[in-house]
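Report on one structure; see the data block that follows.
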2 protein chains.
Amino acid sequence: MKVLSKATIYGLRALVYLASEKDRTGYLSIGEISEKLNISFHFLTKTFQTLTQHGILESYRGPNGGVALTKPADQLFLTDIVHVLEGADFFDKCLLGLPGCGVEAPCPVHDFWKVAKAAMKNEFDNTSLAELGEKVTDDRFRLVA
Amino acid sequence: MKVLSKATIYGLRALVYLASEKDRTGYLSIGEISEKLNISFHFLTKTFQTLTQHGILESYRGPNGGVALTKPADQLFLTDIVHVLEGADFFDKCLLGLPGCGVEAPCPVHDFWKVAKAAMKNEFDNTSLAELGEKVTDDRFRLVA
DNA sequence: TAGTTTTGGGACTTAATTGTCTTAAATATG
DNA sequence: CATATTTAAGACAATTAAGTCCCAAAACTA
């Protein structure tokens with residue numbers, strides 16, 4: 001049950017790492033993040049560029065440069081990140097891949113899937129990077145294998 | 001939110017079609033199914049071969065040949081099909097892709113995801129092809145765009 | 001200003017998924 | 001037996017996802 005692409009997975013883990021390091025001021029370098037999380041530096045850089053272009057991150061070049069969240073981590077929610085990295089229709093897809101699946105023309109699993117998607121969306125809408133970052137800071141949850 | 005591969009999507013739709021045509025005796029040809037559901041014949045054939053090899057379908061060659069469910073449709077559940085086409089670990093994957101994510105070493109979204117997966121698994125465990133086939137037969141649900 | 005550090009952006013490679021095609025094997029029919 | 005029908009099996013091509021690399025641009029340091 002693979003729900004998220006690698007780009008999204010890496011992006012999310014990196015953002016939660018950023019949130020978990022909230023006591024540090026200034027920018028965190030992509031090099032540090034990719035090393036700590038054991039993610040390919042170049043791949044993460046590309047994903048971060050997308051997040052920067054969409055206002056989730058701000059970046060700064062040069063020595064002591066890096067990336068930082070544009071907003072306090074308690075104002076950034078999983079939905080925001082998923083929308084940027086997976087597309088705005090992320091929570092609006094038919095389980096059986098039928099285009100335009102809906103109440104007028106539902107697939108046989110539409111009723112169930114609608115509920116499952118809503119639960120998922122609700123959780124993503126209400127889970128902030130701050131919340132996840134704290135879990136990592138408290139050291140009861142991990143971001144890396 | 002793409003959860004199932006194309007192979008699984010096509011396989012499921014085709015199996016539900018088979019279940020929905022339960023009044024017809026004998027085998028249904030892959031040609032008919034692929035045409036009715038607007039699925040590539042060759043691609044569906046490959047998926048059906050996998051399902052045949054794993055005991056979901058039985059096949060018969062030659063004129064009036066085709067495929068048929070090995071068991072009554074009310075004894076075949078979504079979980080059975082998903083296990084064959086997606087792998088037995090389908091309901092056992094970390095949302096953030098961390099190997100070995102579990103109670104001892106959970107990722108930050110583990111608690112939520114565990115619940116979401118269980119709900120999904122419960123639905124798949126208890127939804128039979130017969131149930132879905134009936135919905136299609138009753139003509140209130142569709143299998144094709 | 002020269003050199004170093006860091007992100008930006010694009011080209012490129014590799015791997016996985018999806019889709020197509022060809023031929024073989026099994027079965028039925030005349 | 002010859003021919004038509006249908007699945008089996010695997011090679012092959014196209015597309016998408018994932019990962020790598022290079023060099024330019026921005027910013028700091030000395």
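Everything numeric in this text was worked out from a predicted model, so none of it was measured. Chain letters run A, B, ... following the sequence lines, proteins first, then strands; residues in each count from 1.
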Starting at atom NE2 of H42(A), determine the distance to atom P of dC23(D), rounded to an integer number of angstrom. 12 Å

Do you see a donor-acceptor pair shorter than 3.5 Å between the side chains of T70(B) and E58(B)? no

Closest of dC21(C), dT6(D), dA25(D) to the R61(A) side chain is dA25(D)

State which of dG8(C), dT20(D), dA28(C) makes the closest approach to the side chain of Y60(B). dA28(C)

To the nearest angstrom, how far is Q53(A) atom CD from dG10(C) atom C1'? 12 Å

Charged N to carboxylate O below 4.0 Å: is that the case for R24(A) and E32(A)? yes

Roughly, in whole Å, what's the span from CG in L44(A) to C1' in dG19(D)? 12 Å

Taken to the nearest whole Å, OH/Y27(B) to P/dA28(C) is 10 Å

Grab the CZ-C1' distance between F43(A) and dG9(C) for me, whole Å please. 15 Å

Quick check: does any side chain N or O of W113(A) sit under 3.5 Å from a backbone N or O of K93(A), one acting as donor and the other as acceptor? yes

By the 4.0 Å heavy-atom rule, please label E32(B) as base, sugar-phosphate, or nothing. nothing

Looking at E131(B) and K135(B), is any side-chain nitrogen of the basic one under 4.0 Å from a carboxylate oxygen of the acidic one? no

To the nearest angstrom, how far is I30(B) atom CD1 from dT5(D) atom C1'? 12 Å

Side-chain N or O of S59(B) less than 4.0 angstrom from OP1 or OP2 on dA8(D)? yes

Look at the side chain of P63(A) and decide which nucleotide, out of dG9(C), dT20(C), dT4(C), has an atom nearest to it. dT4(C)

So if I take every side-chain heavy atom of T52(A) and compare against dG8(C), dT20(D), dA8(D), which nucleotide ends up nearest? dG8(C)

Rounded to whole Å, please give me the gap between CG in L28(B) and C1' in dT5(D). 15 Å

How do F41(A) and G31(B) order along DNA chain D: which one's closest nucleotide is nearer the 5' end? G31(B)

Does a nitrogen or oxygen in the side chain of S40(B) sit under 4.0 Å from OP1 or OP2 of dT20(C)? yes

Within the pair K2(A) and dT17(C), is there a side-chain N or O less than 4.0 Å away from OP1 or OP2? no

Where the side chain of K46(A) is concerned, which of dG19(D), dT20(C), dA18(D) is the nearest nucleotide? dG19(D)

If you apply the rule ring pair (Phe, Tyr, Trp, His ring centres under 6.0 Å), what do you find for F124(A) with F77(A), and how did you get there? CA-CA 7 Å; F124(A) 276 51; F77(A) 296 88; over 10 Å; no

note: K6(A), atom NZ; dT17(C), atom C1'; distance rounded to Å ~ 15 Å

